[in-house]
S.K.: 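The following block contains the structure, expressed as structure tokens.
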Amino acid sequence: MSKIFDKIGVLIGYLKGDLSKAMRRSAQAMVREDKDLKELYPIVEELYVTGQSTNWNEARSAALKISSQLFRDYLKSKRLKKTGYGVTVFDSQILPLPEGVRKADVGARRIKYRVGDRLLDVSLYPISSGSYEIIGQTSNMEGGSLSQVILKSGKETFTADTDAFNIFRFPRIPLDKYSLYLLAGRKRIGSVTIEL
Amino acid sequence: MRKDDRIDFAELVKQCLAGDEKAWRRLTLRVTPMIFGMCNKMRLSSDEKYEVFGQVMLILVQNLARLRKPDKLLTYVGTIARNEALAVIGGPGPEDISTPEIIERLYGSRNLTPEEIFGSVSRIQAVTKAMALLPEKCFKLLWALFFDSDRPSYKEISKRLGIPVQSIGPTRKRCFKRLLNILKRNKLI
């Protein structure tokens, strides 16, 4: 059994296509004839194929960014339980771009938050180099329909009413760090942070 | 390989529960191959994969206190990832894994049996789960050998792991032995 582990290098070389024709044939024979190696080969192959299926360096970095943000939001939401602080679960700005695609400042950004049982979906559209249009919607509105949304930075406050589908829109919001408050009637039912 | 090189999930979870972000990042790295690997098998788009990832990590952090045993934690992550990915594809639950739409998303037009589809997702779940249970050095070595998109040289790997170049082969051998043992012990193969 222990000898088969010496042959892993050959299996990796075989999967990577690094072996000569003769060596490939010999590797295939090895896998066919050795019961233990036969058992190990699908595992090495699975790791190899999985490794090839994604740019893992980018995925790792994006996963860590999203996960860290989520963790910080979650801790904050526990501290601010009464105000229903939302947790970021998706932010398109953090995702790696597909291969061959250049970063553009005109692309829309999507952020998803979980505010208690509610899902808040926000889309940000750049309309100038210093401002965004913000369109958002909440779903699963048990415990009250959304009536108003307030965006507050250190300098300014913006208010938008929501429609029957819980959709809201801010036509032009300058770049800044904002707190977004969700209101049902006069009651605050949740808040999230957005940095433009 | 030293005994203290083993990953202590109970300790990691305890640190996460105490608000330690570094511990949470370590935990994230251990479960990322499983979540993305399963999503890849289900042919989710990049956005869909990250949506599933965010959902899984949120459910995980909300339930951490109940999941101190590594096996339980990793099985839990696998189950949520599978359910969230199926929800994205459109299937209401794991029973519907063989619906035509899901088959199409998973494997194009090839007509696969439900066993084949189930097997493919289960296999990646099992292998990445076993990988997550490996000691730190083995986890890093397997990552460098199979997952690092920069394809690091043995010299680079030796520098990262703090082991001589000539030790990489024997270390790889030991790591695969451990991986296989974990898979067998947990009846994953």
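Labels below follow one simple rule: chain letters A, B, ... track the order of the sequence lines, proteins then strands, and each chain is numbered from 1.
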S.K.: Specify which of A/Leu70, A/Asn57, A/Leu15 makes the most heavy-atom pairs with chain B at under 4.5 Å.
M.R.: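 Ranked by contacts with chain B, first place is A/Asn57.
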S.K.: Check whether any side-chain heavy atom of B/Lys173 sits under 4.5 Å from a side-chain heavy atom of A/Lys7, and report yes or no.
M.R.: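 A side-chain contact is absent here, since even the closest heavy-atom pair is not under 4.5 Å.
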S.K.: Look up atom CG in A/Leu47 and atom CG in B/Leu179, then write down how far apart they are to the nearest 0.5 Å.
M.R.: 6.5 Å
S.K.: So, does B/Ser149 use its side chain to make a donor-acceptor pair with the main chain of A/Trp56 at under 3.5 Å?
M.R.: yes
S.K.: Check whether any side-chain heavy atom of A/Thr54 sits under 4.5 Å from a side-chain heavy atom of B/Phe147, and report yes or no.
M.R.: no
S.K.: Counting only heavy atoms closer than 4.5 Å, note whether A/Tyr48 contacts chain B via side chain, backbone, both or neither.
M.R.: both
S.K.: With the side chain counted from C-beta on, respond yes when B/Phe36 and A/Ser53 share a heavy-atom pair under 4.5 Å apart, and no when they do not.
M.R.: no
S.K.: So, B/Arg123 and A/Glu45, do they make that salt bridge, N to O below 4.0 Å?
M.R.: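 Salt bridge between B/Arg123 and A/Glu45, a charged N being under 4.0 Å from a carboxylate O: no.
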S.K.: So which residue, B/Glu51, B/Met57, B/Lys49, B/Gln62, ends up with the most heavy-atom pairs under 4.5 Å with chain A?
M.R.: B/Glu51
S.K.: I'd like to check A/Phe90 versus B/Gln55 (side-chain heavy atoms, cut-off strictly below 4.5 Å). Are they in contact?
M.R.: no
S.K.: What option among A/Thr50, A/Ile66, A/Leu95 has the most heavy-atom pairs under 4.5 Å with chain B?
M.R.: A/Leu95
S.K.: Might you point out which heavy atoms bring A/Ala63 and B/Thr28 nearest each other, and give the distance in Å?
M.R.: O-CG2, 4.1 Å
